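Here is the structure we will look at.
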Amino acid sequence: MASCAEPSEPSAPLPAGVPPLEDFEVLDGVEDAEGEEEEEEEEEEEDDLSELPPLEDMGQPPAEEAEQPGALAREFLAAMEPEPAPAPAPEEWLDILGNGLLRKKTLVPGPPGSSRPVKGQVVTVHLQTSLENGTRALDLSVPLMDVGETAMVTADSKYCYGPQGSRSPYIPPHAALCLEVTLKTAVDGPDLEMLTGQERVALANRKRECGNAHYQRADFVLAANSYDLAIKAITSSAKVDMTFEEEAQLLQLKVKCLNNLAASQLKLDHYRAALRSCSLVLEHQPDNIKALFRKGKVLAQQGEYSEAIPILRAALKLEPSNKTIHAELSKLVKKHAAQRSTETALYRKMLGNPSRLPAKCPGKGAWSIPWKWLFGATAVALGGVALSVVIAARN
């Protein structure tokens, strides 16, 4: 920004209307003339002024102000002082989120009658980036622009490439960005029902790649949102016939998006949603190793070791050389064993801690029957016989 320089002290010529200063000399005989004028004034004061009308206030300045010494000098100096420069107008920055990390300033306003884009529309922007291309910053700032508007957007690294940065284009970690954005068009999004098979594949691929970019920047919320949009583009009802090859491409793309969605949900600790995504993958591909591994991991996170271990064993059977599955399975087996021992100790404590079984009598064999059981069985048999006799007598 250009800074305003301080004006220098006035040493220029006097303003118009002010006569130049001159050197004055005291002339002889001036004092005598002043003495004669004082005598004439005293004679006039002795005249009778009673018949004159009273004076009226003519709006003359008070005597105190007229008699202040140096008033003319102060007015002269005030006229010579330059006027202070006006304060610069404050920059019109819009704080989009209210935290100062994402701001927008209109450089060129949109034409009269232009409107802002709404949710679901497809926008075309012209972007110039300099260090200070964050898609999240654009997602939040473009809806606040009019079509044809050019704005300057400053964004914190939180809304750009974050702590990871980027390789292409090269963005260092924790770098804030300054973006000059021009909103060219904003049109309604495509009707998913009227898309052809290839158009669906292209749209879903764009959304999936966008989700992959968010996932690499550890922005798992936006990644999950992009994968979900891709799945909606694939699974929406179609009014246009598709070929077998196009349906196969869409199914393969759906499996990829569901797997990536489950990975994002795991990072966000949304275990139920991740379990549902893995189950959908296994409905189409029961031998999908990634879905099996993630489903077993989700069950393990919920403490369901008895259900997670068989799933991980099935995944390991499909790919025996996978070290990650080996490590996870061995870890779960140890946790399951510790869990069982803990449960066993808890049950013993609840039952009075019967850690030692009662010792067997040495005189009894393995098939010896206690006399209490024998007496009880005999009583039951006799009671049954007596009851049958009574019933027969009544009949």
Side-chain angles (χ1 to χ4, degrees), residues 96-97 101-102 104 117 119-145 151 153-186 189-190 192 195 198-236 249-250 252-270 273-274 277-278 281 290-291 294:
I96 296 177
L97 299 178
L101 301 180
L102 184 62
K104 166 186 168 290
K119 185 177 180 180
Q121 287 187 326
V122 179
V123 300
T124 304
V125 299
H126 175 71
L127 177 64
Q128 293 182 359
T129 307
S130 59
L131 284 181
E132 171 175 350
N133 157 339
T135 55
R136 189 172 185 183
L138 292 178
D139 291 340
L140 295 172
S141 58
V142 168
L144 302 177
M145 297 176 60
V153 178
T154 61
D156 186 76
S157 61
K158 177 181 179 181
Y159 305 103
C160 301
Y161 290 93
Q164 290 79 18
S166 174
R167 293 184 179 180
S168 178
Y170 174 72
I171 304 294
H174 301 285
L177 297 183
C178 182
L179 305 93
E180 183 178 333
V181 188
T182 301
L183 178 58
K184 292 187 173 182
T185 60
L192 298 179
L195 293 178
Q198 292 300 324
E199 290 174 344
R200 284 175 181 269
V201 171
L203 178 60
N205 260 326
R206 289 198 301 269
K207 297 298 182 182
R208 183 179 64 87
E209 291 173 357
C210 184
N212 292 344
H214 289 308
Y215 190 91
Q216 291 175 358
R217 294 197 294 270
D219 198 342
F220 304 115
V221 175
L222 289 182
N225 184 47
S226 297
Y227 295 137
D228 188 61
L229 292 176
I231 294 171
K232 287 181 180 179
I234 296 171
T235 58
S236 61
Q249 287 180 357
L250 288 174
Q252 185 178 4
L253 192 57
K254 179 182 177 181
V255 169
K256 290 182 180 179
C257 293
L258 284 171
N259 265 327
N260 295 346
L261 179 60
S264 301
Q265 291 165 343
L266 272 175
K267 293 292 185 180
L268 297 171
D269 296 337
H270 297 169
S277 300
C278 294
V281 173
K290 291 183 178 179
R294 291 188 178 119

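Predicted model, so just to flag it, every value in this text is computed and none were measured.
- A distance of 11.0 Å separates CG in Leu261 from NE2 in His270, rounded to the nearest 0.5 Å.
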Before giving the answer on side-chain contact (heavy atoms from CB on, under 4.5 Å), spell out for Lys232 and Asp228 the whole-Å C-alpha distance, their side-chain angles and the decisive distance to 0.1 Å. CA-CA 6 Å; Lys232 287 181 180 179; Asp228 188 61; 3.3 Å; yes
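- The distance from the CG atom of Leu101 to the CD1 atom of Ile96 is 11.0 Å, given to the nearest 0.5 Å.
- Contact between Ala223 and Gly211 at its shortest, heavy atoms only, is CB-O, 3.5 Å.
- Expressed to the nearest 0.5 Å, how far SG of Cys210 lies from CG of Leu229 amounts to 9.0 Å.
- For the pair Cys257 and Lys207, the minimum side-chain heavy-atom distance is 4.5 Å or more.
- The CG atom of Asp156 lies 9.5 Å from the CG atom of Leu177; values are rounded to the nearest 0.5 Å.
- The environment of CD in Gln252 is sparse: at most 12 heavy-atom neighbours from other residues, nucleotides or ligands sit within 6.0 Å.
- Using a 4.5 Å cut-off on side-chain heavy atoms (C-beta onward), Pro190 and Leu195 make contact.
- Here SG of Cys278 is found 9.0 Å from CG of Leu258. Values are rounded to the nearest 0.5 Å.
- Put simply, the side chain of Lys158 does not reach to within 4.5 Å of the side chain of Leu102, judged on heavy atoms.
- Between Tyr159 and Leu140, some side-chain heavy-atom pair lies under the 4.5 Å cut-off.
- Taking each heavy atom of Ala233 and Leu192 in turn, the nearest pair found is CA-CD1, 4.3 Å.
- Nearest heavy atom pair, residue Met145 against residue Val181, reads CE-O, 3.5 Å.
- Minimum interatomic distance between Arg200 and Ser236 (heavy atoms only, all atoms of both residues): NH1-OG, 2.8 Å.
- Rounded to the nearest 0.5 Å, atoms CG (Asn205) and CD1 (Ile234) are 8.0 Å apart.
- Considering every non-hydrogen atom in both Arg208 and Tyr227, the closest pair reads O-CE2, 3.5 Å.
- In terms of heavy-atom proximity, Pro143 sits nearest to Leu138 at CD-O, 3.9 Å.
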